[in-house]
Amino acid sequence: MLKDTNCGELRREHDGRTVTLAGWVHRRRDHGGLIFIDLRDTTGLVQCVIDPSRGDAYAVADQARAEWVLQIEGQVALRPPETVNPRLVTGEVEVRVARAQVLNDAKIPPFHITDAGEEVEELLRLRYRYLDLRRDSLHDTIRLRHRIVKFMRDFLCERDFIEVETPILIKSTPEGARDYIVPSRLQPGYFYALPQSPQILKQLLMVAGFERYFQIARCFRDEDTRADRQPEFSQLDIEMSFVRREDVMALVEDLYTAIARECAPGKRLLASPFPRLTYQEAMERYGSDRPDLRFGLELRDVTDVVAQSEFGVFRSAVAAGGRVKALVAPGCAGYSRSQVDELTRVAQSGGAKGLATLAVSAEGVRSPVAKFLSDAEVRGIVEHSQAKHGDLVLLVADRPEVVAKALGGLRVWLGERLDLADSQVLAFCWIYEFPLLEWREEERRWDATHNPFSGFYAEDEPLLESDPGKVRALQYDLVCNGSELGGGSIRNHRREMQERLFGLMGYSPDDARQRFGALLDALEHGAPPHGGIATGIERLLMVLRGTDNIRDVVAFPKTQSGGDPMLGSPAPVDERQLRDLHLRVVE
RNA sequence: GGUCGUGUGGUGUAGAGGCCGAACACGCUGCCCUGUCAAGGCAGAGAUCGCCGGUUCGAAUCCGGUCACGACCGCCA
């Protein structure tokens with residue numbers, strides 16, 4: 001080794017020890033005589049002092065510049081008391097340099113490699129990702145990612161799970177997300193697809209009798225990115241045989257509780273065991289199936305209060321089977337016209353046609369719609385919404401889904417604007433009892449709300465014929481701080497039932513065989529009852545690191561247009577390669 | 001497919017039709033300096049304002065297009 005000690009690990013008990021370090025010049029301070037070099041390696045940094053009396057070492061320190069790679073030999077010494085730096089973990093000591101050697105020089109960095117202050121344009125950071133990753137915060141995130149993944153592996157191995165790798169080149173099964181496809185050289189005109197998830201393969205492993213499987217699985221979805229979505233990402237994929245919903249949930253809850261304790265010591269769990277909300281309840285109370293439980297701001301139903309109102313917007317919405325719900329913005333009664341307009345835009349982006357507001361104060365209620373409402377109605381709204389003096393009541397009237405989406409969006413927006421969420425808190429919760437199916441009006445068919453292999457409550461079976469939208473799936477989502485960390489279900493392990501569901505989803509028996517033949521066949525060969533879950537690695541890291549940008553938790557992320565500015569991907573390929581693959585680029 | 005935002009020395013910003021032959025901070029180069037830690041002092045180099053076109057006597061600034069990056073809607077079983 002070119003080093004025998006890590007920079008960031010030196011402490012006062014190492015006083016007097018002779019060490020060899022190797023790392024990067026983090027900062028150099030030249031006093032004309034003395035030169036200080038903060039030498040950085042993956043563990044942190046330590047101050048090295050070079051005295052002019054050390055001729056060769058001094059010459060090295062004299063010419064060294066930021067990000068040069070040096071090997072330094074010297075003696076650890078306690079700093080003079082008045083020069084101790086309490087902001088550095090290594091600040092009580094320094095290394096008195098005896099010898100120094102340049103292992104490599106470095107160009108002037110294209111941007112400041114530091115977490116202090118300014119944000120560098122992200123494109124530049126991505127082009128030089130290997131430099132950006134040197135920053136403490138990113139470096140630490142990638143190391144945390146490793147610790148979490150290792151923790152998951154250790155945790156599951158201890159509980160008799162085995163990790164199985166499943167193929168990356170599989171078969172395209174249209175529906176769901178768009179597949180990335182890979183042309184076959186040996187079979188002209190045929191294509192592989194990259195997995196959107198190993199769903200079918202892990203179910204087949206259950207049929208194969210492994211009983212407890214997991215994988216840190218790479219998944220690929222050719223859809224537009226978002227702040228929390230990349231074209232490729234990782235999931236902790238789990239599947240278990242002979243389990244009930246409770247077993248899977250308990251396992252995952254134990255795992256995530258332990259991760260929070262071991263890997264995020266600064267964070268506090270809001271509640272343990274994790275609260276459980278039915279989908280119905282989550283939508284009613286929070287207007288979302290992934291509620292941020294770090295703050296209240298629950299939605300209140302005032303439909304009954306205004307059902308007979310003179311106010312046409314409310315009355316007609318109710319008459320059409322819709323609802324009127326309220327959200328209280330605490331302390332916002334004084335909002336200006338433009339601030340209320342902003343709230344309205346948020347509501348509209350959630351699909352609402354408009355937003356009615358009531359400002360509650362000691363003097364009474366001010367509202368642009370007051371003239372349409374009776375005193376009793378105004379009183380009823382204030383009472384039902386539990387608004388206090390100084391609060392602003394926000395009302396949306398529409399179909400229940402629209403009301404939920406609009407007010408749910410406003411709730412999240414207000415949570416941010418009013419800084420209601422404690423960033424040190426992890427509010428895990430489970431959402432369960434999702435509807436199994438939803439009606440797709442454009443395609444005139446039922447479709448799985450989550451996953452077409454989900455089982456459902458046995459007692460709901462008659463509803464499959466009479467009212468499919470009411471069938472409750474054995475599906476559960478793990479949610480934390482308003483982010484969907486993952487979801488899973490108990491699967492259908494009998495062919496007849498799975499085929500029946502495919503039928504409801506509009507697949508002919510032929511279609512179903514075409515797409516899911518291997519799984520359907522396998523279900524006939526003694527498939528055990530089974531279920532599992534898949535949770536996003538990046539989503540978890542985002543929550544733990546408190547970032548809203550997925551690129552912060554991926555070593556080499558892609559841009560919004562799916563490219564990598566460092567590698568220059570995607571890129572054209574040689575004519576020769578295309579020929580081998582029986583492809584021609586048109587246009 | 002759509003909506004919105006951003007693009008000025010190496011980096012981050014300022015600039016709102018003539019005051020811009022583009023300012024500031026950091027960085028960089030040179031000189032000075034033996035206890036700093038975002039070291040300090042002095043001097044200096046460095047950008048025609050993403051790209052193309054238009055309006056105007058005159059454009060970094062206004063307009064159109066385009067490219068890149070980002071946020072969002074659609075999409076993400």
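All heavy atoms count here, side chains included; hydrogens, waters and symmetry mates do not. Numbered from 1 within each chain, the chains take letters A, B, ... in sequence-line order.
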With rounding to whole Å, what would you report as the distance between [N] and [M] at their [atom1] atoms?
| N | M | atom1 | answer |
| --- | --- | --- | --- |
| G46(B) | G21(B) | C1' | 15 Å |
| G1(B) | U61(B) | C1' | 33 Å |
| G65(B) | C4(B) | P | 11 Å |
| G15(B) | C24(B) | P | 15 Å |
| G44(B) | C37(B) | C1' | 27 Å |
| G9(B) | A60(B) | C1' | 14 Å |
| A39(B) | C33(B) | C1' | 11 Å |
| C42(B) | A25(B) | P | 11 Å |

Using a 4.0 Å heavy-atom cut-off across all strands, classify [X] as base, sugar-phosphate, or nothing.
| X | answer |
| --- | --- |
| L126(A) | nothing |
| D30(A) | base |
| P110(A) | sugar-phosphate |
| K107(A) | nothing |
| S561(A) | sugar-phosphate |

Side-chain-base donor-acceptor pair under 3.5 Å for [X] and [N]:
| X | N | answer |
| --- | --- | --- |
| E121(A) | U11(B) | no |
| R226(A) | G70(B) | no |
| D224(A) | C75(B) | no |
| R229(A) | C75(B) | yes |
| E94(A) | G35(B) | yes |
| R79(A) | C37(B) | yes |

Between N451(A) and N549(A), the residue closer to the 5' end of RNA chain B by nearest nucleotide is N549(A)
Item to complete: Identify, between R440(A) and G32(A), the residue whose nearest nucleotide on RNA chain B lies closer to the 5' end.
Response: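 The residue closer to the strand's 5' end, by nearest nucleotide, is G32(A).
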Euclidean distance, atom [atom1] of residue [X] to atom [atom2] of [N] [Å, nearest integer]:
| X | N | atom1 | atom2 | result |
| --- | --- | --- | --- | --- |
| R40(A) | C37(B) | CZ | C1' | 15 Å |
| E122(A) | A68(B) | CD | P | 16 Å |
| L123(A) | G50(B) | CG | P | 15 Å |
| R28(A) | C28(B) | CZ | P | 9 Å |
| H450(A) | A77(B) | NE2 | C1' | 10 Å |
| R127(A) | G10(B) | CZ | P | 13 Å |
| Q560(A) | C76(B) | CD | C1' | 14 Å |
| E82(A) | C37(B) | CD | P | 13 Å |

Is the shortest heavy-atom distance from the side chain of L501(A) to the side chain of S454(A) under 4.5 Å?
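Not in contact.
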ask   = Should L523(A) and R491(A) count as side-chain neighbours, where that means a heavy-atom distance under 4.5 Å?
value = no
Ring centres within less than 5.5 Å and planes less than 30° apart: is that true of F111(A) and U11(B) in this structure?
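The ring of F111(A) is not stacked on U11(B).
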(message) According to a cutoff of under 5.5 Å between the ring centres and under 30° between the ring planes, does H112(A) stack with the base of G27(B)?
(response) no
Kindly compute the distance separating [atom1] ([X]) from [atom2] ([Y]), expressed to the nearest 0.5 Å.
| X | Y | atom1 | atom2 | result |
| --- | --- | --- | --- | --- |
| Q230(A) | C219(A) | CD | SG | 13.5 Å |
| D552(A) | L541(A) | CG | CG | 10.5 Å |
| Q514(A) | L520(A) | CD | CG | 12.0 Å |

Counter-base of [N], judged by Watson-Crick or G-U geometry with both distances under 3.5 Å:
| N | result |
| --- | --- |
| C37(B) | none |
| U55(B) | none |
| G70(B) | C4(B) |
| A14(B) | none |
| C20(B) | none |
| C75(B) | none |

Subject >> D38(A) and R29(A) ion-paired at < 4.0 Å >> reply: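 Salt bridge flag = yes for R29(A) with D38(A).
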Handout entry: Salt bridge present between D521(A) and R495(A) (N-O < 4.0 angstrom)
Key = yes
- Query: What class does the angle between the rings of W446(A) and W439(A) fall in, given that below 30° is parallel, 30 to 60° is tilted and above 60° is perpendicular?
  - Reply: perpendicular
Margin query: If you count every heavy atom of other residues, nucleotides or ligands that lies below 6.0 Å from R245(A) atom CZ, does the total exceed 12?
Written below: yes
Looking only at side-chain N and O atoms, does [X] come under 4.0 Å of OP1 or OP2 in [N]?
| X | N | answer |
| --- | --- | --- |
| T83(A) | U36(B) | no |
| R27(A) | A38(B) | no |
| R29(A) | U36(B) | no |
| R125(A) | U11(B) | no |
| R96(A) | G35(B) | no |

Of the nucleotides [options], which one has an atom closest to the side chain of [X]?
| X | options | value |
| --- | --- | --- |
| V120(A) | G35(B), U34(B), U11(B) | U11(B) |
| F36(A) | G30(B), A77(B), G35(B) | G35(B) |
| H31(A) | G35(B), C28(B), A77(B) | G35(B) |
| A177(A) | C76(B), G70(B), U34(B) | C76(B) |

